[in-house]
Amino acid sequence: MVRLRPVLVVHYHEISLKRGNRPLFLRHLRRNLERALADLGAPGIAQLSGRIVVDLDGHPAPELVRERVTRVFGVASATVAYRAPSTLDAMKAVLGRLLEGRSFPSFRISARRAFKTYPMTSVELNRALGAFVLERVATRVDLEHAAQDIRVEVLPAETYISLDRVEGPGGLPVGASGTVAALLSGGIDSPVAAWRMMKRGCRVMLVHFHSVPYLPATSQAKARALVARLTEWQYVSRLHLVPFGEIQREVVLAVPPPLRVVVYRRLMLRIAEALARRAGALALVTGESLGQVASQTLENIACIDAAATLPVLRPLIGMDKLEITAQAQRLGTFEISIEPDADCCTLFTPKHPATRAGLAEVEAVEARLDLSRLVTAGADGATVEAFDWPPAPAAVRV
Ligand code: ATP
Ligand code: MG
């Protein structure tokens with residue numbers, strides 16, 4: 001009886017890649033896969049014509065490997081497959097073992113040849129292996145709605161046969177698109193915004209503004225918990241904690257209540273931009289969604305944008321709260337975000353913020369502030385914390 005030799009076949013959406021980007025994409029994808037599996041015995045990873053193959057032979061926790069891989073951006077799907085020499089008899093021997101004890105009402109064989117000089121066509125392989133299945137299992141062929149899809153990938157060196165496939169998150173590998181700085185509050189939206197940028201291949205540095213000692217340190221604890229969760233998607237993170245209470249106090253003394261929220265946001269952007277430039281980040285990210293709250297009107301957004309020179313990306317701008325909340329729940333950030341806390345923007349915040357702040361008006365009141373001193377104080381006063389994932393090998397049982 002043949003011994004089954006499992007591998008994990010990782011597919012990516014190569015089609016969406018421009019030719020010149022492919023080597024970069026693959027370099028980051030491979031590095032991120034290695035990173036995500038570092039504490040699981042670092043299984044061997046090989047790049048083979050259009051897919052990446054992770055060796056699972058003898059691995060004690062293949063399902064854990066797959067679970068990790070299906071959370072790496074850039075991965076379209078991950079399939080546990082079994083290696084066979086590329087002869088019909090060898091394929092049948094492996095398939096025969098895989099079918100042992102299985103039953104399914106309908107099936108199809110989906111054969112693909114990665115090299116077209118293989119002596120049998122895909123259709124011939126489908127027929128031969130289909131007949132083989134029908135001899136062993138009481139089932140029928142259904143090409144349209146098969147209960148069981150049996151995939152056969154014929155590569156130059158060998159063939160991979162698999163019965164199940166799990167979708168990955170898609171997107172681009174973290175690192176392939178450069179670094180951005182995300183403004184992370186303790187709310188529901190900004191962690192989702194940061195995650196969406198990771199999904200587009202960005203490494204995201206996180207910037208949180210707190211009002212200690214005017215408010216308790218709860219918001220920092222939430223920011224840390226959120227970053228720990230987000231780090232599972234980018235492996236290393238840096239959280240910048242900016243003391244903002246003193247800055248807000250100065251704003252309160254100089255700025256009339258309706259304009260304060262816009263002025264706070266503009267200061268936050270300027271400080272985040274100073275930190276971003278020091279770290280080589282190319283854009284800023286916020287969790288704003290158009291019209292979600294009184295302060296997120298187009299007029300206010302335009303006014304806030306004018307304070308930044310780096311592009312301000314708002315990945316949630318067209319999403320509604322229900323969609324954002326559902327995403328936060330899937331990510332596991334929702335539970336953290338809804339913990340009660342006094343956000344720094346509730347401190348010194350007026351009941352009725354301006355919904356249509358005019359830039360001239362805002363600039364006029366800002367002229368009463370020593371902006372460059374405030375920005376420097378915020379950026380230089382920031383503390384940085386580093387996050388790492390997965391945990392060190394010793395701490396994990398495989
Ligand atoms: P969130 O759920 O992300 O807090 P929100 O709907 O509460 O968003 P606002 O309070 O208007 O909206 O904040 C808009 C954006 O400004 C946030 O998504 C975030 O990017 C940024 N922001 C607000 N407060 C802070 C803070 N304390 N630290 C860092 N960024 C902040
Ligand atoms: Mg908020």
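Atoms within a ligand are numbered from 1 in the order they appear, just like the ligands themselves.
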Among W195, Y235, Y12, F25, the one residue meeting ring-ring contact (aromatic ring centres under 6.0 Å, His included) with F73
W195
Audit row: Y214, Q248, side-chain hydrogen bond (donor to acceptor under 3.5 Å, both in side chains) steps and yes/no
CA-CA 10 Å; Y214 297 95; Q248 284 181 293; over 6 Å; no
Is there any N or O on T286 that sits under 3.5 Å from an N or O of ligand 1?
no
Paired with E288, the side-chain hydrogen bond (donor to acceptor under 3.5 Å, both in side chains) test is passed by just one of R265, R314, Q296, namely R314
Between E288, Q220, Q296, R265, flag the one that comes closest to atom 12 (O) of ligand 1 by a heavy atom.
Q296
Can you check whether L371 reaches L267 side chain to side chain, under 4.5 Å on heavy atoms?
yes
Looking only at non-hydrogen atoms, which of G186, A182, S185, G287 approaches atom 1 (P) of ligand 1 most closely?
S185
Can you find an N/O atom of M268 closer than 3.5 Å to an N/O atom of ligand 1?
no
Find all atoms of ligand 1 within a distance of less than 4.0 Å from any non-hydrogen atom belonging to G187, and give their numbers and elements.
1 (P), 2 (O), 4 (O)
Carboxylate-amine/guanidinium proximity below 4.0 Å for K321 and D189
yes
Are S162 and T79 close enough, and set up right, to give a side-chain hydrogen bond (donor to acceptor under 3.5 Å, both in side chains), and what steps lead you there?
CA-CA 7 Å; S162 60; T79 310; 5.0 Å; no
Ignoring angles and geometry beyond distance, decide whether V285 reaches within less than 3.5 Å of ligand 1 through its nitrogen or oxygen atoms.
no
Which of L37, D39, L40 passes side-chain contact (heavy atoms from CB on, under 4.5 Å) with L64? It is L40
Short N or O distance, L183 and ligand 1, threshold 3.5 Å exclusive
yes
With a 4.0 Å cut-off on heavy atoms, does H210 reach ligand 1?
no
For R373 and D380: C-alpha separation, side-chain torsions, deciding distance, then whether salt bridge (Lys or Arg N to Asp or Glu O under 4.0 Å) applies.
CA-CA 10 Å; R373 180 177 54 78; D380 289 352; over 6 Å; no
What do we get for V207 next to ligand 1 when only non-hydrogen atoms under 4.0 Å count, side chain, backbone, both or neither?
backbone
Ligand-residue contact atoms, ligand 1 with S190, heavy atoms, under 4.0 Å
1 (P), 3 (O), 18 (O), 19 (C), 20 (O)
Which atoms of ligand 1 have any heavy atom of L184 under 4.0 Å away?
28 (N), 29 (C), 30 (N)
